[in-house]
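Here's the structure we're looking at; comments come further down.
Note that the coordinates shown come from a computational prediction; the quantities given were computed from them, not determined experimentally. Whatever order the structure lists ligands and atoms in, that order sets their numbers, starting from 1.
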Amino acid sequence: MPAIEEQDPALLPQKITHICCIGAGYVGGPTCTVLAQQCPDIVVTIVDVNPVRIAAWNSEDLTQLPVFEPGLAAIVGECRGRNLFFTTDIDKAIDEAQIVFVSVNTPTKTSGIGSGFAADLRYVEASTRRIASVAQTPKIIVEKSTVPCRTAASMRAILEANSKPGTPFQILSNPEFLSEGTAVQDLLHPDRVLIGSLDTAQGRRAAELLSEVYERWVPKERVLHTGLWSSELTKLAANALLAQRISSINAISAICEATGANVYEVADACGVDRRIGPHFLRASVGFGGSCFQKDILNLVYLSGSLGLPEVAEYWRQVIVMNEFSKARFAKKVVQTLFNTVTAKRLALLGFAFKKDTGDTRESPAITLCKHFRQEGAHIAIYDPKVKREQIFLDLTEPGVTDDRKAVEEAVTVCPSVLDACHDAEAVVIATDWDEFSAIDWHKVFNIMRKPAVVFDGRRVVNPAKLREIGFRVHAVGVGPELQDNVWV
Ligand code: NAD
Ligand code: UDX
């Protein structure tokens, strides 16, 4: 089989009628659902090795989809069975498709070389091998997963060694920038769609074909074309820069608490400088989610393996600061409650890593629970979207504890805010759910033990109003004597 650069662009698919997406997770599901809605003439098939996940995507009851995103269920309802399909028949979907998105998970390695830092690419490799073994017609293979720089080269080596004669491939990098909780809007109105390709006739033609799909709903000027390696690295760089801003403002928030400055005033005043900008400067208990930590660790590993230890250490500090933020918040809770929370009931409001998602991956709430359990507290958790079993799974994962019985004794999952707050000594807000901004704090005050304390890790409450009711309040990034001024 000729090297891919030498192939004739005419051997690429001429028309896109079928798209397959391997991986029906938080990215593959929403991304290709929106694609199906915007391209009714293209058959979009989302496949997964996990039959339970596929069955959930096919649920009659649209509230049971495996991924909760505002607006998503309605689009699935509109397109499913028309030009959108969810199936475990991976081979058939690959066979029919001209474009195959690889949208599988790329978690941090937990053993072997690079353990704790490098991306585990086993699922990307398995998907690539499957495409090679099944494909009988030309395919454009699109890296949607977040991968280390030059992963496309490994995919190409696998494809070249395993594909059937007469089945040319092009590999594109098309990283996804959606945020959970706003995925549908992000997909409908992206700041940019990034397509990286080889700078060859076939590479450029493949990029054009993918671009034409997006241009059905994304303005052409927002579709950016770069080289493959730039595109792969951009995804890691973008996440590192975003997380760095949060760690930066969280570092400033510690200084604010110690000096009486107000981090919200500082962030606003810094953010009006157009060179800095106002976004992603919300001080918090710390960032969570499946991407930031994993992708920075990946960048740290990449830098280290390229012989750039100073660069690796620079990015590692973003994670160090995030761990410090979570630990500092937990310590504040213990110190304020007279240096002990042993046998005290703490109401933890929010378990998801941010509002409008049921996703708990790397949620700060997990770290808070770990600290509170070590201090002997009883934790009463309420989250509007996270299921009880998920909470227990997260609290017994490696690195937290393997003692399920002890966790069950120390943790109660409650059906409402009021249930969680009943007899609690303190309320700890870990997620910015809108519901928490509308809590009837008079009712909460009446059912709590006194002094009743609220620790706001997300700038959800109005401290002045709560103090009028009788609460003591701690909000991240605001020194004690200025806490009343936090609500602007
Ligand atoms: P996920 O774990 O929710 O979904 C991945 C899915 O791939 C799983 O359902 C899994 O069963 C399936 N899978 C794994 N190997 C497979 C195989 N060989 N064949 C078929 N299916 C297979 O992960 P996710 O959150 O959707 O993330 C996917 C990728 O997108 C990751 O690389 C991630 O870094 C990146 N990303 C995620 C987000 C996000 O917000 N979650 C945003 C941008 C990019
Ligand atoms: C992130 C990137 O934003 C997205 O572009 C990429 O595709 C995937 O990773 P996501 O993790 O879904 O998206 O959510 P994001 O809104 O970035 O929030 C991540 C974490 O940072 C959350 O825990 C959030 O609460 C926290 N955060 C965000 C802050 O603490 N302060 C902020 O100012 C912004």
So for Leu242 against ligand 2, with non-hydrogen atoms under 4.0 Å, the contacting part is side chain
Within the 4.0 Å heavy-atom cut-off, what Asn239 brings close to ligand 2 is side chain
Is the His474 ring parallel, tilted or perpendicular to the Phe329 ring (thresholds 30°, 60°)? tilted
- Counting only heavy atoms, which portion of Ser145 has something under 4.0 Å from ligand 1: side chain, backbone, both, or neither?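 Both backbone and side chain.
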Within the 4.0 Å heavy-atom cut-off, what Ser103 brings close to ligand 1 is backbone
Starting from [atom], locate the nearest protein heavy atom and write down its residue, its atom name and how far away it is, to 0.1 Å.
atom                    : value
atom 12 (C) of ligand 1 : Asp48 OD2, 3.2 Å
atom 33 (C) of ligand 1 : Lys294 NZ, 3.8 Å
atom 23 (O) of ligand 1 : Arg361 NH1, 3.7 Å
atom 1 (P) of ligand 1  : Arg53 NH1, 3.6 Å
atom 40 (O) of ligand 1 : Glu180 OE2, 3.1 Å
atom 13 (O) of ligand 2 : Ser179 OG, 3.5 Å

Please report whether ligand 1 has a polar contact with Asn50, defined as an N or O pair separated by less than 3.5 Å (distance criterion only).
no
Only heavy atoms count here, so choose which of [options] is nearest to [atom].
atom                    : options                : answer
atom 30 (O) of ligand 2 : Ser284, Ser325, Pro190 : Ser284
atom 30 (O) of ligand 1 : Val27, Val47, Ile22    : Val27
atom 29 (C) of ligand 1 : Asn105, Val104, Thr106 : Val104

Q. Do ligand 2 and Phe177 have nitrogen or oxygen atoms that lie under 3.5 Å from each other?
A.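 Such a contact does occur with ligand 2.
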- Would you say Lys235 contacts ligand 1, with heavy atoms under 4.0 Å as the rule?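 The answer is yes: ligand 1 sits under 4.0 Å from a heavy atom of Lys235.
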